[in-house]
Q: 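Sharing a structure here in structure tokens format.
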Amino acid sequence: MNAQSTRISRRRFIASASFAAAALSLAPRQFFGAEQSLVAGARASGAKAKIATQALRGNLSALIGSGGNIAVLPGSDGKLIVDSGYLASRTQITEALDSIGRDPIKQLVNTHWHFDHTDGNEWMHSAGATIIAHENTKKHLSTTTRVDDWDFTFPPLPAAAIPTETTGAEKTLHLNGATVVLKYYGPAHTDGDVSAYFIEADVLHTGDTWWNGHYPFIDYSTGGNINGMIKAAEANLAMVTDKTIVVPGHGPVAGKTEMIEYRDILTSIRDRVAALKGEGKSLNEIVAAKVTASYDAKWATGFINGEFFTKLVYRGVG
Ligand SMILES: [Zn+2]
């Protein structure tokens, strides 16, 4: 496969509302230097990000607008935060956190290693957070990690940004009167995805196993695959009822109905691509067959279009 053709364009990346709503108001050429990478561009967009604070249930809130969606549980034990957004959004995220409550940051959970969920790790640690993640997330953040699809090589993070506690298959946290269960999915979007379920509030943060309203990125370079994504979508459905409030990694907060639609679309596209690949069709022929066409108007809305998603699926089937 032509690697270049699978790379995501910078324009599509920043066109995703969940990555950088603020960047939409700027022309990409004005915003990015010519040789600036997609990752550097996304990071830079964090400086202009507007953070929306959305009350969920109980004390829980979501901060939306800088990288992956962030969940916040405040309280007298100190705040528990799920994912840390872009470093360049530190000022806006700090303001949003202060508006929720003045408690210091106590614990930070990383749902996976990607930069749009972990770039704020170092400053949140310096503000008092112990960082918790799956051991594979810790591994990727501790070493040089290449993502070909982003044409970017990530150096190891500084020690202060690296998780010091790992989750194993499951880990339960107790603070601020809440019980928070962190659960490992197995290989899905990466090989280190964990969910965070707040039992009393009945709120689930799925990390990037769920992109609400966008085709998801699947990071094969660090152990993700389409079949694991579908398994994770099933696991998410098994964890929720009609009443559960669900924070996806990207896209608006929603619930079971939207998660079922997402699971069904992933499954349908996977099955169609697998069938064509099984018939001996080439990647180009499968792309030309436009198996995602009926979904593109609604789902090719982030930085993954139908063609790129087809390529991501193709890699993981047959
Ligand atoms: Zn991700």
Side-chain angles (χ1 to χ4, degrees), residues 7-8 10 12-14 16-20 37-46 49 63-71 81-89 93 108-124 131-158 161-163 166-167 182 184-196 205-212 214-226 228-229 232 247-251 302-304 308-309 312:
R7 283 178 189 152
I8 302 151
R10 201 179 303 154
R12 259 191 277 135
F13 191 86
I14 67 149
S16 162
S18 55
F19 274 87
S37 78
L38 169 161
V39 170
R43 281 176 160 155
S45 75
L63 306 187
I64 296 174
S66 173
N69 293 332
I70 295 169
I81 298 179
V82 181
D83 285 347
S84 63
Y86 291 132
L87 172 61
S89 308
I93 291 173
L108 168 64
V109 175
N110 288 150
T111 59
H112 63 297
W113 76 273
H114 284 157
F115 70 104
D116 52 320
H117 301 254
T118 56
D119 273 2
N121 276 18
E122 188 173 14
W123 80 259
M124 287 194 184
I131 307 175
I132 307 169
H134 188 265
E135 60 198 26
N136 289 336
T137 296
K138 179 177 181 176
K139 182 180 79 183
H140 298 311
L141 293 177
S142 308
T143 53
T144 300
T145 304
R146 169 84 187 162
V147 180
D148 278 338
D149 288 325
W150 294 343
D151 194 16
F152 200 85
T153 302
F154 295 84
L157 291 188
I162 293 173
T166 53
T167 57
L182 310 178
Y184 178 51
Y185 287 100
H189 171 71
T190 66
D191 62 6
D193 303 294
V194 296
S195 59
H205 192 309
T206 65
D208 277 2
T209 66
W210 186 29
W211 295 43
N212 183 17
H214 312 294
Y215 291 133
F217 180 58
I218 303 170
D219 187 357
Y220 286 81
S221 70
T222 54
N225 72 80
I226 179 61
M229 281 295 267
V247 181
H250 299 280
F303 75 101
I304 309 283
F308 188 75
F309 189 61
L312 289 173

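Keep in mind that the numbers below use all heavy atoms, side chains included, and drop hydrogens, waters and symmetry copies.
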Q: By ring-ring contact (aromatic ring centres under 6.0 Å, His included), which residues pair with Y184, not counting sequence neighbours?
A: H134

Q: With a 3.5 Å distance limit and no angle check, can you tell me whether S89 reaches the backbone of G46 through a side-chain donor-acceptor pair?
A: yes

Q: The criterion is side-chain hydrogen bond (donor to acceptor under 3.5 Å, both in side chains); which residues satisfy it with T118, sequence neighbours excluded?
A: none

Q: Taking the side chain as every heavy atom from C-beta outward, state whether D151 and R146 have any pair of such atoms under 4.5 Å apart.
A: yes

Q: Could you list the residues that satisfy side chain to side chain contact (heavy atoms under 4.5 Å, CB included) with P158, not counting sequence neighbours?
A: E122, A161

Q: Between NE2 of H189 and OG1 of T206, what distance do you get to the nearest 0.5 Å?
A: 10.0 Å

Q: Output all residues satisfying side-chain hydrogen bond (donor to acceptor under 3.5 Å, both in side chains) with N121, sequence neighbours left out; order by chain, then residue number.
A: S84, N110

Q: Quick one: ring-ring contact (aromatic ring centres under 6.0 Å, His included) partners of F309, sequence neighbours excluded?
A: Y215

Q: Test of understanding: with side-chain hydrogen bond (donor to acceptor under 3.5 Å, both in side chains), list the residues that count as partners of T111, not counting sequence neighbours.
A: D83

Q: Find out whether H214 and I304 are in side-chain contact, i.e. whether some heavy atom of one side chain is under 4.5 Å from a heavy atom of the other.
A: no

Q: Give me the atom names and distance for the closest heavy-atom approach of L141 to P163.
A: CD1-CD, 3.8 Å

Q: Mind checking the CZ-OG1 spacing from F115 to T145? Nearest 0.5 Å is all I need.
A: 13.0 Å

Q: Can you see which heavy atom on S66 is nearest to which on I93, and at what distance?
A: OG-CD1, 4.0 Å

Q: List the steps, then state whether side-chain contact (heavy atoms from CB on, under 4.5 Å) holds for V147 with V39.
A: CA-CA 10 Å; V147 180; V39 170; over 6 Å; no

Q: Compare all side-chain heavy atoms of W211 with those of F217 and state whether any distance is below 4.5 angstrom.
A: yes

Q: Cut-off 3.5 Å, side chains only: do W113 and T222 have a donor facing an acceptor?
A: yes

Q: Examine distances only and state if a side-chain atom of N69 and a backbone atom of G251 form a donor-acceptor pair shorter than 3.5 Å.
A: yes

Q: Side-chain contact test, heavy atoms from C-beta onward, threshold under 4.5 Å: evaluate it for N136 versus T190 and give yes or no.
A: no

Q: With side chains defined as the heavy atoms from C-beta onward, is the minimum distance between S142 and I162 less than 4.5 Å?
A: yes

Q: What's the spacing between D116 CG and R43 CZ if we round to 0.5 Å?
A: 9.5 Å

Q: Short question: side chain of Y86, backbone of D119 - any donor-acceptor pair under 3.5 Å?
A: no

Q: Check whether any side-chain heavy atom of V109 sits under 4.5 Å from a side-chain heavy atom of H205, and report yes or no.
A: no

Q: If I take atom CG from residue D149 and atom CG from residue D219, how far apart are they, to the nearest 0.5 angstrom?
A: 7.5 Å

Q: For P216 and M229, which heavy atoms make the closest approach, and how far apart are they?
A: CB-CE, 3.5 Å

Q: Measure the spacing between CZ of F154 and NE2 of H140 and express it to the nearest 0.5 Å.
A: 12.0 Å

Q: Looking at side-chain heavy atoms only, is the closest gap between P156 and T144 below 4.5 Å?
A: yes

Q: Could you measure the distance from the NE2 atom of H114 to the CH2 atom of W150? Nearest 0.5 Å is fine.
A: 4.0 Å

